[in-house]
Amino acid sequence: MAASDGIDPALDALAVEGPLSGVESALRALPAAQQARRFKHRLMSGARSLAPLGGVVLCIGIAGTVEGPLSVVAGVLGLGLAAALGIRGMFSTRFRVPGHAGDYPGRRPELVVRVLQRLKADLAPDTPVRLRLRPDPRPQGPGSSLYVLKRIKTAPPDVLDPWLTLETRLADGSHLRLSAVERRRVRVSDRGPNGPRRRTRIKENDALFLEARLRVKEKRHPRLAALSLDRARAAVRLPPGAKLQRLRITGEHLRLRIQLEETWRPFVPKDTGEEKSSTPDASRAVTMMLLSLYQMLHLARTPVAPKVVKPPREKPPHPRSRSRRRRSG
């Protein structure tokens with residue numbers, strides 16, 4: 001059995017450790033917990049938004065039932081609150097992007113499910129799996145479709161949301177650690193293409209960073225530390241929409257980090273149209289990352305083939321030089 005089958009309120013994430021079957025059962029029970037959390041969040045946000053309206057109704061009720069100066073004060077206060085609410089609604093700084101990929105509630109859990117399905121053949125029986133997953137993006141955070149308009153002159157620091165940590169031991173004895181971090185970056189620009197000042201433009205974009213760490217035994221791979229980064233980079237294969245961000249190799253560790261665009265999906269069928277063909281497939285990216293890491297281990301065992309240096313080819317004499325020699329003779 002897994003150590004936990006629900007979302008930990010302290011971590012705001014699903015924290016579970018146990019065999020693969022227990023982790024899969026916890027992921028299957030996750031949609032019901034997500035639905036309850038969303039209902040509670042909507043209820044609380046609705047109560048917060050209706051609280052000022054309740055104050056307006058209360059002031060109007062007092063103004064209509066009580067005589068004297070109190071009724072005048074309550075009426076003026078009610079009208080002031082109503083006007084403030086109207087202006088706030090007209091100039092709201094929050095907006096939601098329709099059709100954003102973050103609106104899909106099962107985007108993060110489905111990615112974990114597909115990764116575990118692909119790892120099942122490489123895991124030994126009853127191998128413990130440690131998982132920490134935040135299934136929903138934070139409000140106004142990376143991966144969410146809610147944005148806030150701000151008037152700023154300088155770009156604020158990046159907002160990071162580390163929402164996935166998956167650790168297990170593979171059948172060959174190596175230790176695997178997968179992690180996912182989403183980033184929201186704000187860019188502020190007030191210069192045109194030719195240099196003159198223009199109206200300040202603020203642009204926000206998200207990105208997903210997937211990192212795979214593989215820890216192996218140094219005695220089984222003694223030549224790993226001598227593997228050059230050029231040969232290792234040549235072994236990296238990534239799907240469309242993904243680009244290599246970092247690669248580190250030591251005597252016992254392989255570390256590969258890639259970046260995906262904000263429109264990533266947990267799975268993209270191969271028979272999609274041209275519009276969706278450029279959408280990054282996150283589960284395929286994880287699979288290709290693991291294959292790239294094992295290809296690096298294979299390269300570390302294979303010595304570099306010596307370059308064959310061809311002898312310089314002698315140029316045949318020009319026919320005119322031959323004719324000149326004959327004439328001179």
Side-chain angles (χ1 to χ4, degrees), residues 1-40 102 104-137 143 161-182 208-217 220 239 253-258 260 264-270 280-294 297:
M1 292 296 293
S4 173
D5 57 355
I7 297 178
D8 188 354
L11 300 175
D12 195 22
L14 173 68
V16 58
E17 182 177 1
L20 183 60
S21 59
V23 176
E24 289 179 338
S25 63
L27 289 173
R28 285 193 295 268
L30 189 59
Q34 281 185 274
Q35 187 176 3
R37 282 164 50 86
R38 290 194 193 96
F39 177 76
K40 182 180 179 180
Y104 175 48
R107 186 163 74 151
R108 292 180 175 181
E110 184 180 347
L111 173 60
V112 179
V113 170
R114 292 189 175 275
V115 169
L116 290 177
Q117 289 177 353
R118 298 183 182 186
L119 286 177
K120 186 178 295 184
D122 299 324
L123 297 179
D126 299 330
T127 301
V129 178
R130 183 181 302 171
L131 173 67
R132 189 178 70 84
L133 168 67
R134 184 181 294 113
D136 297 317
D161 182 13
W163 55 268
L164 173 64
T165 302
L166 175 64
E167 296 183 63
T168 187
R169 187 172 295 277
L170 302 180
D172 61 352
S174 57
H175 184 269
L176 175 65
R177 186 179 188 271
L178 294 173
S179 60
V181 179
E182 281 195 273
L208 173 65
F209 296 92
L210 295 173
E211 184 175 272
R213 298 184 184 182
L214 196 65
R215 188 176 74 241
V216 297
K217 294 182 180 180
R220 295 185 61 181
H253 295 83
L254 291 166
R255 181 178 176 183
L256 178 62
R257 181 188 297 177
I258 66 171
L260 300 181
W264 66 272
R265 298 281 182 179
F267 175 70
V268 178
K270 295 183 179 180
D281 188 341
S283 59
R284 184 185 175 194
V286 173
T287 303
M288 297 184 72
M289 288 171 66
L290 298 179
L291 293 176
S292 300
L293 292 178
Y294 275 93
L297 294 177

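- For Leu133 against Pro135, the heavy-atom pair with the smallest separation is O-CD, 3.4 Å.
- In this structure, the separation between CZ on Arg220 and CG on Asp172 is 6.0 Å, given to the nearest 0.5 Å.
- Considering CG of Leu166 and CG of Leu176, their distance stands at 6.5 Å, rounded to 0.5 Å.
- Residue pairs meeting the salt bridge (charged side-chain N to carboxylate O under 4.0 Å, His left out) criterion with at least one partner in residues 111-128, sequence neighbours excluded, are Glu24-Lys120, Glu110-Arg114.
- Applying the side chain to side chain contact (heavy atoms under 4.5 Å, CB included) criterion to Val216, with sequence neighbours excluded, gives Ser174, Leu214, His221, Leu224, Leu297.
- Shown here for Thr165 and Arg177, the closest heavy-atom pair between the two residues is CG2-NH2, 3.7 Å.
- The closest donor-acceptor contact from the side chain of Thr168 to the backbone of Pro128 lies under 3.5 Å.
- Nearest heavy atom pair, residue Leu111 against residue Pro266, reads N-CB, 3.7 Å.
- Remark: Arg284 pairs with no residue by the side-chain hydrogen bond (donor to acceptor under 3.5 Å, both in side chains) rule, at least two apart or across chains.
- Arg257 is not listed as a side-chain neighbour of Ser179, based on a closest heavy-atom distance of 4.5 Å or more.
- By the 4.5 Å heavy-atom criterion applied to side chains, His253 and Arg213 are not counted as neighbours.
- Paired with Val115 under the rule side-chain contact (heavy atoms from CB on, under 4.5 Å), one option of Leu290, Val286, Thr287 passes, and it is Val286.
- Listed by chain and residue number, Glu211 satisfy the side-chain hydrogen bond (donor to acceptor under 3.5 Å, both in side chains) test with Arg255 (two or more places apart in sequence, or in another chain).
- The number of heavy-atom neighbours closer than 6.0 Å to CZ of Arg130, taken from other residues, nucleotides and ligands shown, is 12 or below.
- Under the 4.5 Å side-chain criterion, counting only non-hydrogen atoms from C-beta, Leu210 is not in contact with Trp264.
- Nearest heavy atoms, Asp281 versus Pro239: O-CG, 4.3 Å.
- What you find for Leu254 and Leu293 is that their closest heavy atoms are CD1-O, 3.7 Å.
- The residues Glu182 and Arg134 are annotated as not salt-bridged, no charged nitrogen and carboxylate oxygen being separated by less than 4.0 angstrom.
- Residues passing the side chain to side chain contact (heavy atoms under 4.5 Å, CB included) test with Val113, sequence neighbours excluded: Leu27, Gln117.
- The CG atom of Leu164 lies 7.0 Å from the CG atom of Leu178; values are rounded to the nearest 0.5 Å.
- Minimum heavy-atom separation, Met289 to Leu256: CE-O, 3.4 Å.
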